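Reviewing the structure listed below.
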Number of protein chains: 2
Amino acid sequence: MSKSKASAGPRYQALLQLLRTSEALWNSSRIFFSKWDISPSQFNVLNVLVEQPEGLTQIELSRLLIMHRSNVTGLVDRLEDRKLIQRKDNPNDRRAYRVVLTPTGRKLVEKILPAYYEAAEQIWGDFPVKKTKELVEGLERLSENVEKFSATLGEK
Amino acid sequence: MSKSKASAGPRYQALLQLLRTSEALWNSSRIFFSKWDISPSQFNVLNVLVEQPEGLTQIELSRLLIMHRSNVTGLVDRLEDRKLIQRKDNPNDRRAYRVVLTPTGRKLVEKILPAYYEAAEQIWGDFPVKKTKELVEGLERLSENVEKFSATLGEK
DNA sequence: TATAATTAGTTGACATATGGACAATCTAGG
DNA sequence: CCTAGATTGTCCATATGTCAACTAATTATA
């Protein structure tokens with residue numbers, strides 16, 4: 001049994017700071033990607049597909065991007081409308097498509113990626129690499145804890 | 001001029017980890033708040049109002065919650081439908097409402113808050129407080145950098 | 001004081017996100 | 001082989017979020 005005082009302590013504040021920082025980063029990325037007229041979510045789809053010459057099914061996309069499969073439908077629809085990706089029929093499993101980049105889509109990602117990496121460097125600025133590593137370790141550890149906590153919420 | 005190699009380095013990975021951790025936390029909070037049948041965004045509205053006996057205008061809410069004023073309209077609509085908050089007319093400025101908690105709304109936040117603080121403690125677990133502070137400092141510094149970077153994107 | 005600029009809130013169009021229900025298809029067990 | 005269960009993708013309802021255009025009201029200024 002915990003003896004928590006149940007007050008707004010530094011650990012609560014830390015979680016809020018994490019959410020704020022992440023939101024600022026996401027908003028910044030929205031402005032960044034708007035130069036190429038795509039959204040961060042759309043970029044993420046293209047970015048995971050670029051390493052997959054065989055493509056991915058929508059379920060695989062939904063797992064990699066951590067979103068519901070029903071959301072992938074619309075995302076893929078809009079990217080297909082813009083000819084950046086293509087749904088290919090899969091003879092092995094007629095339920096599932098294989099979603100692949102079009103040549104246009106591949107060119108777009110490969111144009112954006114260097115700017116993206118460069119932006120990441122700029123954002124960290126003079127932040128020491130050692131500090132960055134510590135931060136990542138902290139975030140990874142926290143991530144695990146959050147997953148464990150979610151699991152305890154799930155069980156009734 | 002930077003001499004960046006423009007490759008997927010540790011600093012790019014660090015930003016991705018930040019976004020992943022934050023998303024996990026947000027999703028976890030969605031499950032957490034569903035016990036009281038509200039969303040994280042709705043809770044945030046109630047949570048900022050709890051310290052404001054005079055209430056806040058919707059513009060003030062949008063600034064505190066870092067969202068567009070048009071989004072506040074719907075959020076406030078739904079919370080008002082559920083009688084958790086109330087729009088009060090403001091004689092000093094007939095354009096703006098003062099959004100205040102109802103007694104019901106106040107009771108709800110005050111019931112949730114202790115559980116929320118307790119959850120924050122649980123999520124950190126045995127994470128040393130010193131490490132938490134370092135992490136927060138890193139996040140604050142990063143936040144500033146992101147804002148600066150956004151500003152450079154904004155200027156054409 | 002008349003009017004120009006700004007501010008607060010709503011609305012509509014759209015993108016992103018979840019969850020439930022559904023049809024088509026695949027897979028396993030009897 | 002055949003049916004029961006699982007999987008894949010879509011569609012609907014709904015919530016959250018942006019942005020642009022609009023009205024009403026306030027403030028600043030010529």
Side-chain angles (χ1 to χ4, degrees), chain A residues 19 22-24 26-34 36-46 55-82 84-99 150 154, chain B residues 19 22-24 26-34 36-46 55-82 84-99 150 154:
Chain A
L19 291 170
S22 172
E23 199 187 353
W26 186 255
N27 285 338
S28 189
S29 84
R30 192 157 36 73
I31 302 171
F32 176 76
F33 289 122
S34 73
W36 296 280
D37 201 29
I38 60 172
S39 69
S41 296
Q42 289 174 354
F43 175 78
N44 286 338
V45 173
L46 303 181
L56 293 170
T57 66
Q58 296 187 189
I59 281 285
E60 286 167 339
L61 277 173
S62 82
R63 291 202 186 109
L64 284 170
L65 303 174
I66 317 177
M67 56 172 65
H68 198 268
R69 63 190 195 283
S70 64
N71 196 29
V72 174
T73 300
L75 218 37
V76 167
D77 280 351
R78 286 181 289 274
L79 287 168
E80 194 170 35
D81 287 347
R82 296 185 47 190
L84 298 175
I85 63 180
Q86 197 191 346
R87 283 181 172 101
K88 289 203 160 174
D89 283 331
N90 182 352
N92 295 358
D93 185 343
R94 283 157 40 232
R95 289 170 306 182
Y97 301 110
R98 297 218 69 83
V99 179
S150 289
Chain B
L19 292 170
S22 172
E23 199 188 352
W26 186 255
N27 285 337
S28 188
S29 85
R30 194 155 35 70
I31 303 172
F32 176 76
F33 289 122
S34 72
W36 296 280
D37 201 29
I38 60 172
S39 69
S41 296
Q42 289 174 354
F43 175 77
N44 287 339
V45 174
L46 303 181
L56 293 170
T57 67
Q58 296 187 189
I59 281 285
E60 287 167 338
L61 277 173
S62 81
R63 292 204 185 107
L64 285 171
L65 303 175
I66 317 176
M67 58 173 64
H68 198 269
R69 63 191 193 284
S70 65
N71 197 30
V72 175
T73 300
L75 217 37
V76 167
D77 279 351
R78 286 181 288 274
L79 287 168
E80 194 169 35
D81 287 348
R82 296 186 48 191
L84 297 175
I85 63 179
Q86 196 190 347
R87 282 179 172 101
K88 289 204 160 173
D89 283 331
N90 182 352
N92 296 357
D93 185 343
R94 280 159 40 236
R95 293 169 304 182
Y97 301 109
R98 299 218 68 84
V99 179
S150 290

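Note that the coordinates shown come from a computational prediction; the quantities given were computed from them, not determined experimentally.
- To the nearest 0.5 Å, the span separating CD1 on A:Ile31 from OG on B:Ser150 amounts to 4.5 Å.
- Side-chain atoms of A:Phe33 and A:Ser41, non-hydrogen and from C-beta on, never get closer than 4.5 Å to each other.
- With rounding to whole Å, A:Leu79 atom CG is found 11 Å from C:dA15 atom P.
- Comparing A:Pro91 and B:Val99, the nucleotide of DNA chain C nearest to each residue sits closer to the 5' end for B:Val99.
- The nearest whole Å value for the distance from the CD atom in B:Glu60 to the P atom in C:dT7 is 14 Å.
- Under 4.0 Å is where a charged nitrogen must lie from a carboxylate oxygen, and between A:Asp93 and A:Arg98 no such pair does.
- Nearest to the side-chain atoms of A:Gln42 among the listed nucleotides C:dT16, C:dT18, D:dT16 stands C:dT16.
- When the P atom of C:dA15 is taken as reference, atom CG of A:Asn27 falls 18 Å away, rounded to whole Å.
- For residues 63-71 of chain A, proximity to DNA chain D is found at A:Arg63, A:Arg69, A:Ser70, defined as any non-hydrogen atom under 4.0 angstrom from a strand atom.
- Look at CG on A:Asn92: it is 15 Å from C1' on D:dT8, rounded to the nearest Å.
- The base of C:dT7 lies close enough to the side chain of B:Arg95 for a donor and an acceptor atom to sit less than 3.5 Å apart.
- When the C1' atom of C:dA17 is taken as reference, atom CZ of B:Phe33 falls 18 Å away, rounded to whole Å.
- For the residue pair A:Met67 and A:Asn71, the shortest heavy atom distance occurs at SD-ND2, 3.5 Å.
- Ring geometry for A:Phe32 against A:Trp36 counts as perpendicular: the plane angle is over 60°, on a 0 to 90° scale with 30° as the lower cut.
- Across the protein-nucleic acid pair, B:Leu61 atom CG and C:dA8 atom C1' stand 12 Å apart, rounded to whole Å.
- To the nearest 0.5 Å, atom CG of residue B:Asp37 and atom CZ of residue B:Arg82 are 5.0 Å apart.
- When the C1' atom of C:dA23 is taken as reference, atom CZ of A:Arg94 falls 13 Å away, rounded to whole Å.
- Here the CG-CD distance, from A:Leu75 to A:Gln58, works out to 9.5 Å after rounding to the nearest 0.5 Å.
- Residue contacts for B:Arg98: at a heavy-atom cut-off of 4.0 Å it reaches no nucleic acid atom on any strand shown.
- Over its full length, the helix from C:dT1-D:dA30 to C:dG30-D:dC1 turns its helical axis through 10°, comparing axes from the five pairs at each end and rounding to 10°.
- Residue-environment remark: CG (B:Asp89) stays at or below the threshold of 12 foreign heavy atoms within 6.0 Å.
- For A:Ala96 against A:Asn90, the heavy-atom pair with the smallest separation is O-CB, 3.2 Å.
- Distances shown here put every side-chain N or O of B:Thr73 at or beyond 4.0 Å from the OP1 or OP2 atom of C:dG9.
- Residues B:Arg78 and A:Tyr97 each lie close to DNA chain D; by heavy-atom proximity, the contact nearer the 5' end of the strand is made by A:Tyr97.
- Within 4.0 Å (heavy atoms only), B:Ser41 reaches sugar-phosphate atoms of the nucleic acid but no base atom.
- If A:Gly74 and A:Glu23 are placed on DNA chain D by their nearest nucleotide, the residue sitting closer to the 5' end is A:Gly74.
- Listed pair A:Gln58 / D:dT7 fails the phosphate criterion, with no side-chain N or O lying under 4.0 Å from OP1 or OP2.
- Listed pair A:Thr57 / D:dT8 fails the phosphate criterion, with no side-chain N or O lying under 4.0 Å from OP1 or OP2.
- Within the 3.5 Å criterion, the main-chain N or O of A:Arg87 finds a donor-acceptor partner in the side chain of A:Glu80.
- Atom CG of B:Asn90 and atom C1' of C:dT7 are 13 Å apart (whole Å).
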